[in-house]
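Notes to accompany the following structure.
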Amino acid sequence: MSLSDPAVRAPSPVPARPLPTRWLILAVLCLAQVTVVLDNTVLTVAVPVLTAELGASTADVQWTINAYALVQSGLLLTAGSAVDRYGRRRLLLAGLVLFGVGSLAAALAQSTGQLIAARAGMGIGGALLVTATLAVAMQVFDVAERPRAIGIWAAASALGFAAGPPVGGLILAHFPWEAIFLVNVPIVVVCLAAAGVLVPESRGPAGGRLDLPGVALSTSGLTAVVYAIIAGPDRGWGSAPVLGAAVGGALLLAAFVWWERRVAHPMLEMALFRNRRFVGAVSGVVLITFGATGALFLLTQHLQFVRGYPAWEAGLRMVPFALAIVVLNLAGIAARVIHRLGTAGAIAVGMTLLAGGLLLVTRAPSDGYGVLLAGLLTMGTGCALANPAIVEAVMSAIPPEKAGAGAGVDGTMTEVGSSLGVAVLGAVLNARFAGLLPAALAGAGSFPAALAAAGGETERGLVTDAFRAASEAGQTVGAIAVLVGGLLAAWLLRRAERVG
C-alpha cells in the first residue's frame, strides 16, 4: 500500500480559523450519541412485552438486551482505529447507516433470534458512532473550546443512559414494541443528511496495511471478557463457560499486546501506556464507571421493588440526574469550574460529589422524593464535572491525529467498567439478599420470586426489608468505588503533571 492510497493519505490540515458550523456539527454528533447510548437501556421496560409477544425465554431476553452492548464493546478499539485510518466523516456516515438498518431489522423481527441478530448489527453501527462522534468533535474544535465541547458530548451520553427507561415506557404506553426501534430510523435519516452536509472529512496520517491480526485479537479478546462479565452472575463465576471465556479472553488480549509491540503499524500504540497521564485517566474511567453504573443500576431496582414505581416512572424520577449534567454543561458552568480547578481537581471534587449523592439516596432515613431529588442533583453535579474532565484527560494524552483510537480506548474502558459494575454490585446485592431472606424462602432466586412465594403480609414485608438492606449494601460499595476511583485518578494525574 502506497502513501498515495486514499486510505492512508493525510488529509488537508484542519483550518486555523474555527469552523462557523462547529456548534451545529456538535448538535448532530450529540443527537447520534444520545440515540446510541439510549439503546443500551431502552429495552429494560419491554421485557414483559417481548416475553408475551415473541415467546422469549429468560435467556432470550438477556441476549436481546446484551447482544448490543457485547458487540459494541468488542469492536470499539477496532472502530477507533478504523475511524482514524479511513476517515472520520466516512465512518460516521457508515455507522449511522448500519445503526439505522439494524434498527429497522429489529422492528421487523418475527422471532427472538432475528431480534438478537438485529441488535448485534446495531452494535456494529454503535461502535462506529461512539468513536466517530468524539473523534470528529476533537477535530472541529480548537484547544480553547474543546473542553466545553467534550463536556456537552459527555452530557449527551449521560442523558441517553438516563432517558432509556422513561422513553421506552412512554413509547410502550401508546405504541407496540416495534416502535422502540422504528423511532431510531427518522433520527438516523436527519443525522445522515446533516452530517453529510456539515461534517468535514479528516483522517490520521496512518500508513501501512490494516492491522488485521490486531483487529482479530482485540475484538475476540474483548468480546470474550465482556461476555464472561455479563454471564457470570447468571451462570456462576466458576462455571466452565464463564471461566473459559474469561481465561481465553485474557490470553487473547495478552497476545494482542504482544503483537502490537512488534507490528510496524499497530492499531493501538502500546507506548501510550507509558504515559502517566493516560494511565491515570484510563484507570479512573474503569473505576468511576464501575461504581457509578453499578450503583445507578441498583438504584433503579430499589425504586421499582422497594418504592413500588413502575419501570418507566422509576426512570422518569431519575431524569434530574441527567438534566443536571446537561444544564451545567450546556451553560458552560462545568467547563469554567473544570478550568478553575484543573483536570485532577475537577475529577476529585466531581467524584466526591457523586459518591456523596449516592450515599444520600441510599442511606437517608426518608423515603420521600425530596431526599432522592437532592441526592440526584448532587450526583448530576458531580458527573457534570468529572465526566468531561476524565474524557479530556484521556483524549489530551493522545495526539489529535489519533483521536479515533483515543475514543476507542475511552469507550472500551467505559463499557468494561460499566459491565463490571452491574455484574459485581449485582452479585453483592444478590448475596446479601439471599443471606437476609427468611429460612422458608431461602431458595428464591430473585425479589419477585421471593415475594410470590411469601406466605402472608408479614413475610412480604421481610422480603422487602431484605431487598432494601441488600440494595443499600450494593450501592454503598458502589459509592466507595466511585470515591476511591476518583481520588486515585486525580492523584495519578496530579503526579503526572508534576513529573511533566
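By convention here, the first residue in the shown sequence is residue 1.
- The structure places OG1 of Thr352 at 10.5 Å from CG of Leu385, a figure rounded to the nearest 0.5 Å.
- The two residues Leu77 and Ser218 have their closest heavy-atom pair at CD1-CB, 4.4 Å.
- Formation of a donor-acceptor pair under 3.5 Å by the Arg148 side chain with backbone atoms of Leu330 is found in this model.
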Does the pair Leu483 and Met351 meet the rule for a side chain to side chain contact (heavy atoms under 4.5 Å, CB included), with working shown?
CA-CA 6 Å; Leu483 182 60; Met351 288 300 96; 5.8 Å; no

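- The CD1 atom of Ile150 sits 6.5 Å away from atom CE of Met395, with the distance rounded to the nearest 0.5 Å.
- For the residue pair Cys383 and Pro388, the shortest heavy atom distance occurs at O-CD, 3.5 Å.
- Residues Glu415 and Ser73 have side chains that never bring a donor and an acceptor to within less than 3.5 angstrom of each other.
- Residues Gln72 and Val36 form a side-chain contact, since some pair of their non-hydrogen atoms from C-beta on lies under 4.5 Å apart.
- To the nearest 0.5 Å, atoms CD1 (Ile338) and CD1 (Ile390) are separated by 10.5 Å.
- Scanning all heavy atoms of the two residues, the minimum distance from Leu222 to Gly74 falls at CB-CA, 4.0 Å.
- Comment: Arg88 engages Asp84 in a salt bridge, judged by a side-chain N to carboxylate O separation of less than 4.0 angstrom.
- Heavy-atom minimum distance, Ala127 versus Leu75: CB-CB, 3.9 Å.
- Atom CD of Glu392 is separated from atom CE of Met138 by 6.5 Å, given to the nearest 0.5 angstrom.
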Walk me through whether Val97 and Val101 qualify under side chain to side chain contact (heavy atoms under 4.5 Å, CB included).
CA-CA 6 Å; Val97 170; Val101 170; 4.2 Å; yes

Let me see the working for Trp153 and Asn329 under side chain to side chain contact (heavy atoms under 4.5 Å, CB included), right down to the final yes or no.
CA-CA 9 Å; Trp153 181 91; Asn329 278 289; over 6 Å; no

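- At least one donor-acceptor pair closer than 3.5 Å links the side chain of Arg89 to the backbone N or O of Gly196.
- None of Leu29, Leu128, Val28 except one satisfies the side-chain contact (heavy atoms from CB on, under 4.5 Å) rule with Leu92; the exception is Leu29.
- Put simply, CZ on Phe321 and OG1 on Thr381 are 10.0 Å apart, with the number rounded to the nearest 0.5 Å.
- A heavy-atom distance below 4.5 Å is found between the side chains of Val247 and Leu251.
- Atom-to-atom distance recorded for Arg262:CZ and Met270:CE is 11.5 Å, nearest 0.5 angstrom.
- Counting only distance, with no hydrogens or angles, the side chain of Glu201 and the backbone of Arg90 share a donor-acceptor pair below 3.5 Å.
- Taking both residues in full, the closest heavy atoms of Val130 and Thr133 are given as O-OG1, 3.3 Å, listed atom of the first, atom of the second, then distance.
- Of all heavy-atom pairs spanning Thr362 and Thr476, the tightest one is CG2-OG1, 4.1 Å.
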Working for side chain to side chain contact (heavy atoms under 4.5 Å, CB included), residues Leu377 and Leu373
CA-CA 6 Å; Leu377 291 175; Leu373 177 61; 4.1 Å; yes

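- By the 4.5 Å heavy-atom criterion applied to side chains, Val282 and Val409 are counted as neighbours.
- Between Arg119 and Met122 there is a side-chain heavy-atom pair separated by less than 4.5 Å.
- Surrounding CZ of Arg432 are at most 12 heavy atoms belonging to other residues, nucleotides or ligands under 6.0 Å away.
- Proximity of Leu299 to Gln475: side-chain heavy atoms (C-beta onward) are separated by under 4.5 Å at one or more points.
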